[in-house]
**Student:** 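Provided herewith is a single structure, encoded as structure tokens, for subsequent inquiry.
To find a chain, count down the sequence lines: A is the first, B the second, and so on, and within it residues start at 1.
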Protein chains: 2
Amino acid sequence: MAGAGRGPRERMVFSAAQLIRREGVGATGLREVAAHARAPRGSLQHYFPDGKEQLVNEAVGWAGRYAGNRVARFLAALPEPTPSGLFAEMVRQWTDEYETEGFDGGCPVAAATVDRARTADSTRQAAEAAFARWTGAVAGALTDMGVPEERSRPLATLMISSLEGAILIARAERSVRALTTAARELGPLLDAAVTRPATDGGPGGTAGNRHRID
Amino acid sequence: MAGAGRGPRERMVFSAAQLIRREGVGATGLREVAAHARAPRGSLQHYFPDGKEQLVNEAVGWAGRYAGNRVARFLAALPEPTPSGLFAEMVRQWTDEYETEGFDGGCPVAAATVDRARTADSTRQAAEAAFARWTGAVAGALTDMGVPEERSRPLATLMISSLEGAILIARAERSVRALTTAARELGPLLDAAVTRPATDGGPGGTAGNRHRID
DNA sequence: CCTCGACTATGACCGTCGTCATAGTAGCGG
DNA sequence: CCGCTACTATGACGACGGTCATAGTCGAGG
């Protein structure tokens, strides 16, 4: 997860996302964010005049962009892209993390939704946008692989639902089981949705790139 | 959701679960729980001498039992039980709530996991147990419907993963879409796992009942 | 009537949190 | 050197939060 170098503002957003996904929104203090980002505490009110809510929203936005952009990289890593292969990569990002760094972290968008969906509507909207961006990237990739338009978005939603739920269970169990199960059980269903040959991105172009938003 | 009458202790556990699933663990105060349960504040330290952590753990346990027991009722409501029918009922519980009461509530087990998995191990274990109980009930039901033993648990895990994730997305979107999508897309996969005729619970017995724990 | 246990009732303590106010520094164009 | 803007530095404030201490009620048993 890149994001170490940048300016203090970006570092704080990044640190906020890190802390939120570990402890939840409520238990993440602003002083803690500043310390984690090695940024001056005074900069918080300078860069985020609307306070914690703004910082949280930007952290959620960052997470959504990150997840969306990640899809293109997963595709690039696959010798020949298939829906099940993409999902396996998405899952593998989490199993890798859990096996090397422990089960401390979850998804910051999920945390923001759980902690703030009811109370802070702007945060709820940020989470909605993050999910939309992520879903859009996955759905675009599925279409490129030959999944019919109408099925791409539902299947992308199903993939992300299963992944988010499996992340929860994995953290609760401190086991990667739910994640690998999701990948194994869902794989065939996803591949069965391919009805025409994959769109070839051609040399120099990665399939799915045109779905990236920035 | 029953649980209004009982003694003050049970009311507080129930209220805690309600508040946690709406606001998250961190934002749920003990004074708030007592007020919601119309229970005296002084009773908190009497019934829960280990403080908030104990109360949260019991709320999570309550939610796990509730979800597990609910499975048997879903089965009873189905004319002829099928895996997709069961999953549709599980999903419908949420779509019904969201359509009649709004998108304020989520799953308390998910909230406890997000907010406390890293910090409070006893709460993490409570969440693990809750998921286990729920998964066990669903897996038992699947087996009764003719799903082979080895596939029941993985499929049950997949069902719960998808449901939990879809709940998150539904709350973020304030839309029931992700939930209905999960039911629609996953249904065929679940039914395809049936390899032998369903076990008939016989007259007077509801299929799956023997999997209830209490 | 006294005791005892279960339960209730409150107020205080101390920590943390988000926010605000205020002042300080650094670089830069003029 | 001035003035201006961008950013940093700190301390204080008020609002809870969880927990603890202490005392009060009340019914049952003796």
Side-chain angles (χ1 to χ4, degrees), chain A residues 5-60 108 111-112 114-116 118-124 126, chain B residues 5-60 108 111-112 114-116 118-124 126:
Chain A
R6 316 287 190 179
R9 209 197 119 100
E10 290 181 71
R11 286 208 314 277
M12 284 191 280
V13 172
F14 175 78
S15 288
Q18 295 298 317
L19 293 172
I20 287 169
R21 83 195 200 91
R22 282 170 172 74
E23 328 262 2
V25 176
T28 296
L30 293 185
R31 291 165 174 84
E32 193 187 358
V33 171
H36 183 276
R38 261 186 288 273
R41 189 163 76 84
S43 298
L44 274 169
Q45 74 182 281
H46 186 254
Y47 290 116
F48 309 96
D50 289 340
K52 187 176 186 176
E53 191 166 328
Q54 180 185 1
L55 177 62
V56 170
N57 295 354
E58 298 206 18
V60 169
V114 163
D115 282 347
R116 291 288 190 264
R118 176 182 144 84
T119 332
D121 196 66
S122 74
T123 302
R124 197 220 88 227
Chain B
R6 314 287 191 184
R9 207 197 122 101
E10 291 181 71
R11 286 208 315 275
M12 284 191 280
V13 172
F14 176 78
S15 289
Q18 295 299 316
L19 293 171
I20 287 169
R21 83 194 199 91
R22 282 170 171 73
E23 327 263 3
V25 177
T28 297
L30 293 185
R31 291 165 173 84
E32 192 187 0
V33 171
H36 183 275
R38 262 185 289 271
R41 188 163 76 84
S43 299
L44 274 169
Q45 74 182 282
H46 183 70
Y47 290 115
F48 308 96
D50 288 342
K52 186 175 187 178
E53 190 165 329
Q54 181 185 2
L55 177 61
V56 170
N57 295 354
E58 298 204 19
V60 169
V114 163
D115 282 347
R116 290 290 189 265
R118 175 183 144 85
T119 331
D121 196 65
S122 74
T123 303
R124 198 219 86 227

**Student:** When the distance from CZ of A:R116 to C1' of C:dG18 is rounded to whole Å, what number comes out?
**Tutor:**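 Going from CZ in A:R116 over to C1' in C:dG18 covers 11 Å.
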
**Student:** A:A37: what forms a side chain to side chain contact (heavy atoms under 4.5 Å, CB included) with it, not counting sequence neighbours?
**Tutor:**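 For A:A37, the residues satisfying side chain to side chain contact (heavy atoms under 4.5 Å, CB included) (neighbours in sequence not counted) are A:R11, A:M12, A:S15, A:A39.
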
**Student:** Holding to salt bridge (Lys or Arg N to Asp or Glu O under 4.0 Å), I want the full list of residues that pass it with B:R22, two or more places apart in sequence or in another chain.
**Tutor:**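 In terms of salt bridge (Lys or Arg N to Asp or Glu O under 4.0 Å), with neighbours along the sequence ignored, B:R22 is linked to no residue.
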
**Student:** What's the CG-P distance between A:L44 and D:dT8, to the nearest Å?
**Tutor:**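 For the pair A:L44 CG and D:dT8 P, the rounded distance is 10 Å.
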
**Student:** Over all heavy atoms of both residues, which pair between A:P108 and A:I20 is shortest? Give the atoms and the distance, please.
**Tutor:**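 Smallest heavy-atom distance, with atoms named: O-CG2, 4.0 Å.
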
**Student:** Mind calculating the distance between CZ (B:R11) and C1' (C:dT8) to the nearest angstrom?
**Tutor:**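 B:R11 atom CZ is separated from C:dT8 atom C1' by 13 Å.
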
**Student:** Check DNA chain C against residues 47-57 of chain A and give the residues with a non-hydrogen atom under 4.0 Å, in numerical order.
**Tutor:**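 Within residues 47-57 of chain A, the residues near DNA chain C are A:G51, A:K52.
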
**Student:** Starting from P on C:dT8, measure out to CZ on B:R38 and report it in whole angstrom.
**Tutor:**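 Roughly 15 Å, once rounded to whole Å.
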
**Student:** If every non-hydrogen atom of A:L30 is compared with every non-hydrogen atom of A:K52, which pair is closest and at what distance?
**Tutor:**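 Nearest heavy atoms, A:L30 then A:K52: CD2-CG, 3.9 Å.
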
**Student:** OG1/B:T123 to CD/B:E58 distance, rounded to the nearest 0.5 angstrom?
**Tutor:**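 Atom-to-atom, B:T123:OG1 and B:E58:CD are 11.0 Å apart.
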
**Student:** Compare the minimum distances between each of C:dT8, D:dC7, C:dT19 and the side chain of A:H46, then state the nucleotide with the smallest one.
**Tutor:**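 Among C:dT8, D:dC7, C:dT19, the one nearest the side chain of A:H46 is D:dC7.
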
**Student:** Please name the pair of heavy atoms, one in B:D115 and one in B:G26, separated by the smallest distance, quoted to 0.1 Å.
**Tutor:**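 Between these two residues, the closest heavy atoms are OD2-N, 3.6 Å.
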
**Student:** Can you tell me how far the CD atom of A:Q18 sits from the CD atom of A:E32, to the nearest 0.5 Å?
**Tutor:**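 A:Q18 CD to A:E32 CD: 12.0 Å, rounded to 0.5 Å.
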
**Student:** Which residues pass the salt bridge (Lys or Arg N to Asp or Glu O under 4.0 Å) test with A:E53, not counting sequence neighbours?
**Tutor:**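 For A:E53, no residue satisfies salt bridge (Lys or Arg N to Asp or Glu O under 4.0 Å) once neighbours in sequence are set aside.
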
**Student:** Under 3.5 Å, is there a donor-acceptor pair between the side chain of A:R9 and the main chain of A:Y47?
**Tutor:**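 Yes, the answer is positive, given that a donor and an acceptor are paired below the 3.5 Å cut-off.
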
**Student:** Which value, rounded to the nearest 0.5 Å, describes the distance between B:R116 atom CZ and B:D121 atom CG?
**Tutor:**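 Between B:R116 CZ and B:D121 CG, I get 13.0 Å after rounding to 0.5 Å.
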
**Student:** Just verifying a value: how many Å separate B:Q45 CD and B:Q54 CD, rounded to the nearest 0.5 Å?
**Tutor:**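 Rounded to the nearest 0.5 Å, the CD-CD separation comes out at 12.5 Å.
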
**Student:** Could you list the protein-to-nucleotides 3-5 of chain D atom pairs, N/O on both sides, closer than 3.5 Å?
**Tutor:**
none

**Student:** Just the table, please: protein N/O against nucleotides 10-12 of chain D N/O, every pair under 3.5 Å.
**Tutor:**
unit_1: D:dG11; atom_1: N7; unit_2: A:R41; atom_2: NH2; d: 3.0
unit_1: D:dG11; atom_1: O6; unit_2: A:R41; atom_2: NH2; d: 3.2
unit_1: D:dA12; atom_1: N6; unit_2: A:R31; atom_2: NH2; d: 3.4

